[in-house]
Trainee: 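Sharing a structure with you now.
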Amino acid sequence: MTFGPAAPGPLALTIDGRPFTLVVPDGQTLADIAVSGQWPRLLPGLLDEDSRDLLTARIRTPYDPMTWHAVFRIVLGLAPELYGVEWWAAQRLCALARERWRDWSAWCVRRGLDVDTASGHRIVSAVWAWLMDHAQEQKDIVRLERDIFDPPPELRRTQAAVPRGFSQAELEAQSRQIAAMAGPGDDGE
């Protein structure tokens with residue numbers, strides 16, 4: 001990472017030795033992506049058209065190691081570059097800003113931050129500063145840090161980034177469901 005997270009504009013990244021260009025949008029768009037939890041809007045969604053087509057083709061190719069799970073792991077590594085914090089912390093902070101928009105945006109106006117032009121990491125930092133301004137005691141800060149920055153339970157338990165629906169057991173169950181829907185004799189013979 002360079003000094004500070006990425007600013008809006010092109011961001012070069014390398015996946016499996018191949019260069020890609022991610023087009024970093026404005027801060028509000030990044031915050032909306034975090035709030036929605038739709039990480040595929042980051043990758044492959046923010047790639048330039050050629051890179052997006054290439055990555056999507058790899059994801060759809062059977063037996064290619066570039067699966068949605070692999071893309072999610074890349075997003076986890078990319079999030080600090082875009083938001084200045086881990087993906088889950090960006091989600092939580094941006095969700096708090098949206099939930100308490102009037103209070104948070106008023107706080108920003110009082111401090112001279114224009115949310116309409118701020119980058120994603122600036123928005124995330126501002127939400128954290130807003131929360132810190134309201135912490136009364138050290139124990140409040142410790143609780144907030146834990147609530148915001150601790151990984152979600154599924155990452156704490158497994159120490160691996162496996163999004164819901166992509167664990168080995170879930171993938172096997174989905175495979176059995178698809179095979180059951182196909183039924184006997186549907187194998188083209």
Side-chain angles (χ1 to χ4, degrees), residues 1-11 13 22-48 52 68-69 71-167 170:
M1 180 164 68
T2 59
F3 182 74
L11 173 67
L13 63 136
L22 189 98
V23 182
V24 180
D26 62 278
Q28 285 187 336
T29 301
L30 282 175
D32 286 341
I33 292 170
V35 169
S36 71
Q38 296 295 317
W39 56 265
R41 288 177 55 198
L42 293 175
L43 193 68
L46 295 179
L47 290 174
D48 63 46
R52 186 173 45 247
W68 282 113
H69 178 259
V71 173
F72 179 69
R73 301 222 18 140
I74 295 168
V75 167
L76 290 181
L78 185 62
E81 197 70 33
L82 299 173
Y83 296 101
V85 296
E86 299 294 340
W87 170 246
W88 53 83
Q91 284 183 285
R92 293 168 184 162
L93 289 165
C94 291
L96 281 168
R98 178 176 281 171
E99 182 180 312
R100 302 287 309 265
W101 180 258
R102 185 181 57 199
D103 298 334
W104 180 72
S105 64
W107 181 91
C108 289
V109 167
R110 256 187 265 132
R111 280 156 183 79
L113 175 67
D114 182 2
V115 179
D116 294 333
T117 60
S119 61
H121 62 88
R122 207 43 88 207
I123 290 173
V124 167
S125 295
V127 178
W128 180 245
W130 173 62
L131 291 171
M132 291 294 94
D133 270 4
H134 293 88
Q136 302 280 325
E137 300 176 14
Q138 183 62 30
K139 68 179 181 176
D140 297 331
I141 294 171
V142 170
R143 182 188 53 79
L144 273 172
E145 286 176 341
R146 186 178 57 244
D147 291 347
I148 298 297
F149 296 106
D150 278 3
E154 59 270 16
L155 295 182
R156 280 182 267 155
R157 281 194 305 269
T158 64
Q159 297 300 312
V162 180
R164 256 184 234 127
F166 290 93
S167 71
E170 290 167 315

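This is a predicted model, so every value here is computed, not measured.
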Trainee: Hey, are the side chains of Val35 and Cys94 touching, using non-hydrogen atoms and a 4.5 Å cut-off?
Mentor: yes

Trainee: For Phe149 versus Ala89, what's the shortest heavy-atom pair and its separation?
Mentor: CD2-CB, 3.6 Å

Trainee: In the structure I gave you, are the side-chain heavy atoms of Trp104 and Leu96 within less than 4.5 Å of one another anywhere?
Mentor: no

Trainee: With sequence neighbours left out, what residues match Asp26 under salt bridge (Lys or Arg N to Asp or Glu O under 4.0 Å)?
Mentor: none

Trainee: Which distance, rounded to the nearest 0.5 Å, do you find between the CG of Leu93 and the CD1 of Ile148?
Mentor: 4.5 Å

Trainee: Give every residue pair that meets the salt bridge (Lys or Arg N to Asp or Glu O under 4.0 Å) criterion with at least one member in residues 38-48, sequence neighbours excluded.
Mentor: none

Trainee: Measuring only between side-chain heavy atoms, which start at C-beta, is Glu145 closer than 4.5 Å to Asp150?
Mentor: no

Trainee: Please tell me if the side chains of Leu30 and Pro25 come closer than 4.5 Å, counting only heavy atoms from C-beta onward.
Mentor: yes

Trainee: Which heavy atom of Trp87 sits nearest to which heavy atom of Ala34, and what is that distance?
Mentor: CH2-CA, 3.8 Å

Trainee: Is any side-chain heavy atom of Leu82 closer than 4.5 Å to a side-chain heavy atom of Leu11?
Mentor: yes

Trainee: Applying salt bridge (Lys or Arg N to Asp or Glu O under 4.0 Å), which residue pairs with at least one partner in residues 99-108 are found, sequence neighbours left out?
Mentor: Arg100-Asp103

Trainee: Could you pull out every donor-acceptor pair under 3.5 Å between side chains of residues 126-137 and any protein atom, sequence neighbours left out?
Mentor:
from	atom 1	to	atom 2	distance (Å)
Asp133	OD2	Trp107	NE1	2.8
Asp133	OD2	Arg111	NH2	3.1
His134	ND1	Trp130	O	2.7

Trainee: Mind checking the CD-CG spacing from Glu86 to Leu76? Nearest 0.5 Å is all I need.
Mentor: 7.5 Å

Trainee: Under the side-chain contact (heavy atoms from CB on, under 4.5 Å) rule, what do Arg92 and Asp147 come out as? Steps first, then yes or no, please.
Mentor: CA-CA 9 Å; Arg92 293 168 184 162; Asp147 291 347; over 6 Å; no

Trainee: Measuring from atom OG1 of Thr29 to atom CD1 of Ile33, what distance do you get when rounded to the nearest 0.5 angstrom?
Mentor: 6.5 Å

Trainee: Side-chain contact, heavy-atom cut-off 4.5 Å: Phe72 with Leu42?
Mentor: no

Trainee: Who are the side chain to side chain contact (heavy atoms under 4.5 Å, CB included) partners of Val142, not counting sequence neighbours?
Mentor: Gln138, Arg146

Trainee: Taking all non-hydrogen atoms of both residues into account, name the closest pair between Tyr83 and Ala31 and its distance.
Mentor: CE2-N, 4.4 Å

Trainee: Would a distance-only check, ignoring hydrogens and angles, find a side-chain to backbone donor-acceptor pair under 3.5 Å from Ser105 to Trp101?
Mentor: yes

Trainee: If I take atom OG from residue Ser119 and atom CD from residue Gln28, how far apart are they, to the nearest 0.5 angstrom?
Mentor: 11.5 Å

Trainee: Which residues pass the side chain to side chain contact (heavy atoms under 4.5 Å, CB included) test with Leu43, sequence neighbours left out?
Mentor: Ile15, Leu22, Leu47, Leu55, Val71, Ile74, Val75

Trainee: Would you name the heavy atoms of Leu113 and Ala118 that are closest together and state the gap between them?
Mentor: CD1-CB, 3.9 Å

